[in-house]
Protein chains: 2
Amino acid sequence: MASIKDVAAAAGVSVATVSRVLNGHPSVSAEARARVRGAVAELGYRPNAVARSLRTDQTHTLGLVISDVLNPYFTELARAVEEEARALGYSVIIGNADERPELQDHHVRNLLDRRIDGLLVSPTDGGSPLMLDAVRAGTPMVFVDRWIPGVDVPVVRADGRQAVRDLVAHLYRLGHRRLAIIAGPAATTTGSERVEAFRAALAEYGLLLPDAYIGQGDFQAESGRRVTEGFLDLPEPPEVVFAADNLMALGALDAVRARGLRVPDDLALAAFDDIPWFVHTDPPVTAIAQPTGELGRAAVRALVDRIEGRTPQSVTLPARLVVRRSCGEAAPAATPPTQSPSPVQRSTS
Amino acid sequence: MASIKDVAAAAGVSVATVSRVLNGHPSVSAEARARVRGAVAELGYRPNAVARSLRTDQTHTLGLVISDVLNPYFTELARAVEEEARALGYSVIIGNADERPELQDHHVRNLLDRRIDGLLVSPTDGGSPLMLDAVRAGTPMVFVDRWIPGVDVPVVRADGRQAVRDLVAHLYRLGHRRLAIIAGPAATTTGSERVEAFRAALAEYGLLLPDAYIGQGDFQAESGRRVTEGFLDLPEPPEVVFAADNLMALGALDAVRARGLRVPDDLALAAFDDIPWFVHTDPPVTAIAQPTGELGRAAVRALVDRIEGRTPQSVTLPARLVVRRSCGEAAPAATPPTQSPSPVQRSTS
DNA sequence: AAGCGGGATGTAATCGATTCCACGAGTTCC
DNA sequence: GGAACTCGTGGAATCGATTACATCCCGCTT
């Protein structure tokens, strides 16, 4: 592969001049510039990004460590991140932690070794020493979706509290009183926060969230199935389960169906994270939608601000409730069969 | 950040010795080895992958350019690729082409600039000069899922012909005679092949595939919707639509539902690519499942073989039909409600 | 005792870029 | 006319690793 030396030789100039042409440095004669351009085209020369990075100590690359690529929420996030990064002149390397802390560490280490300019993380746990060291060492970092308390890193996330309150209002109105939740890992902020928001919303209606109605999941479909089976085996099963993410909701659907029961008649279902498929499941699933794309873009902007010496801002955006049919019909009104009439907000996807 | 020089200084040896310890070179005394190890630990030293790559001309990185991250098929593929690569000591950089040739070129160029060791591509089109040049220049490359005819690059893919034949047999048995297809872009192999396989299978039953029953899609949901609407507006609409990928099937579902019609009564539906959600849609969707994980792993093995000087093999694995309820019930037998009795193969997911 | 072999180590070249500094030629200004 | 500048250019140092080659030392053979 042609190097800058070959170009210099072909153009009859020094490598310094070639470099100047390539980087748009003003102090090059029009004639030299033309000769270099010609040589570049002729040789099909492309600068070696590895060499350039070594010299400049910049890779123009962002690392993104997400918890699970198979989760549509995270792929949508990843897509938005990549788009915004590209627009700002950065590439993105994605690491999939698969909800496993040791895999997360593997990717963080790998990305750090590659000297990425900054790191976007949605932590699967309370934070390994590795990540904390990186922060302390000054690696530009931003948390997306989940974060680690007590660490001085900007956080870009959605606040679901109001939406959870709307959800509980919706459920209460439909007559449900025994409400259960499939929680995410307590080590994640999204895991514990969603339970607390749910509990607080229930309290407003004088309802309690007994321990038996808190199932411990891990954000994967299988755990949703397992927890739901546990709920159904209870002497007094809940009337509703609220899954803290879309994959556990999928597992819950599996479990209900495997018993020959039906949603919402035998058990109502709601989920955190809205995805396109929820419109077409049987029944369509009521969900809390995050502004995923906006979150991804805001996170990139914050990280790039930090990298380029500006002051990054934490960002919190509201999530919103999207009512469908998985919790029961509010009123048998004359609406299209896809959507349910909603006092709160109507599904539009 | 500490460099090899700092380690050398701290350990009281030369950088050459440090390098030898790091790379497991035998000719280092136990004592020097221990001192270097100590210095490495104390300084928290990590080798700079950028510098190492420049010198060795190896990045231990694979590029993966996929057509669409939002398509669950490709995320599953990406996940398998990353896993296998990691097991073999490589990292993966994913580029999302979003079915747009110019974006694909952007990512190929970017990956090449980064001097990745090899490239895994699922081309969105017939192949840009850039990609063809890269092949000619000797960049190790393997095509996954889709490929470019006439280019000497190993291909790892699924053969859906038998499964399509099984699907048509299934449809014929259910009494359907007017079958339509939502095709992918003709520039992609999967786009044209699936149409041909479908046409050939129809021919075995003496059925024709008229032009009006071939809708031109682009593997995105929106095109599935548009094409399906076109089908429904025909004087003689088809009884079945076969979507060439899962996203177009989602669009087709949208279109049918928007008209207040029902699957399979008003229009039956089948899709290429099976995904977990198809079990829970209303109705569950009959699909052709590819051995996605196996494809991803085989592709990585082929690419790494090529990179490490062995001879890579093309691989073709069979796809299989998974019958659910979206084409109608074969026979009202006493089976669980989730699954339909199938003469061919039963859904197990 | 001289010579040889081999293990441990260091010196320095190298990968492909960027960039500081020096130099020569041409301008401008007094 | 000469000092001071500007502009275009090239030489060479540098980033952080790897590795060929040279050197030194120790022990063994003949």
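None of these values were measured; they are calculated from a predicted model. Each chain gets a letter, A, B and so on, in the order the sequences are listed, and its residues count up from 1. Heavy-atom basis, side chains included; hydrogens, waters and symmetry copies ignored.
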For atom [atom1] of [X] and atom [atom2] of [N], their distance in whole Å:
| X | N | atom1 | atom2 | value |
| --- | --- | --- | --- | --- |
| A/Ile4 | D/dG11 | CD1 | P | 14 Å |
| A/Asp6 | C/dG16 | CG | C1' | 10 Å |
| A/Asn48 | C/dT14 | CG | P | 18 Å |
| A/Arg52 | D/dA17 | CZ | P | 21 Å |
| A/Asp57 | C/dG16 | CG | C1' | 16 Å |
| A/Lys5 | C/dT14 | NZ | P | 8 Å |
| A/Leu54 | D/dA13 | CG | C1' | 13 Å |
| A/Asp113 | D/dA17 | CG | P | 10 Å |

Do [X] and [Y] have side-chain heavy atoms sitting under 4.5 Å apart?
| X | Y | answer |
| --- | --- | --- |
| A/Arg37 | A/Val21 | yes |
| B/Glu82 | B/Val300 | no |
| A/Glu294 | A/Val315 | no |

>> I'd like to know if the side chain of B/Asp145 pairs up with that of B/Tyr73 as donor and acceptor (distance under 3.5 Å, no hydrogens or angles considered).
In response: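 B/Asp145 vs B/Tyr73: donor-acceptor pair found between side chains.
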
> Any side-chain donor-acceptor pair under 3.5 Å between B/Gln104 and B/Asp125?
Replying inline: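 B/Asp125 and B/Gln104 do have a side-chain donor-acceptor pair below 3.5 Å.
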
> Hey, which of these two, B/Thr56 or A/Leu22, hits DNA chain C nearer its 5' end, going by closest nucleotide?
Replying inline: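 That would be B/Thr56.
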
>> Roughly what angle, to 10°, lies between the helix axis at the start of the helix from C/dA1-D/dT30 to C/dC30-D/dG1 and the one at its end, five pairs per end?
In response: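 About 50° separates the two local helix axes.
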
>> So if I apply the side-chain contact (heavy atoms from CB on, under 4.5 Å) rule between A/Val135 and each of A/Leu119, A/Val121, A/Val151, which one comes out positive?
In response: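 For A/Val135, the side-chain contact (heavy atoms from CB on, under 4.5 Å) test succeeds with only one of A/Leu119, A/Val121, A/Val151, which is A/Val151.
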
> Could you write nucleotides 5-11 of chain C as a row of B, S and -, 5' to 3', where a protein heavy atom under 4.0 Å of any base atom gives B, of only sugar-phosphate atoms gives S, and otherwise -?
Replying inline: ---BBBB

> Got a sec, which pairs hit side-chain hydrogen bond (donor to acceptor under 3.5 Å, both in side chains) with one end in residues 87-98 of chain B, sequence neighbours left out?
Replying inline: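 Qualifying pairs: A/Arg79-B/Asp98, A/Asn110-B/Ser91, A/Arg114-B/Ser91, B/Tyr90-B/Glu308.
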
>> I'd like to know if B/Arg146 pairs up with B/Glu99 as an ion pair, taking the criterion as any Lys NZ or Arg NE/NH1/NH2 lying under 4.0 Å from an Asp or Glu carboxylate oxygen.
In response: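 The answer is yes: the pair qualifies as a salt bridge.
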
> Would you say the base of C/dT14 and the side-chain of B/Arg55 have a donor-acceptor pair closer than 3.5 Å?
Replying inline: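 Indeed there is one.
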
> From B/Met1 CE over to B/Asp6 CG, what is the distance, rounded to the nearest 0.5 angstrom?
Replying inline: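 Between B/Met1 CE and B/Asp6 CG, I get 11.0 Å after rounding to 0.5 Å.
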
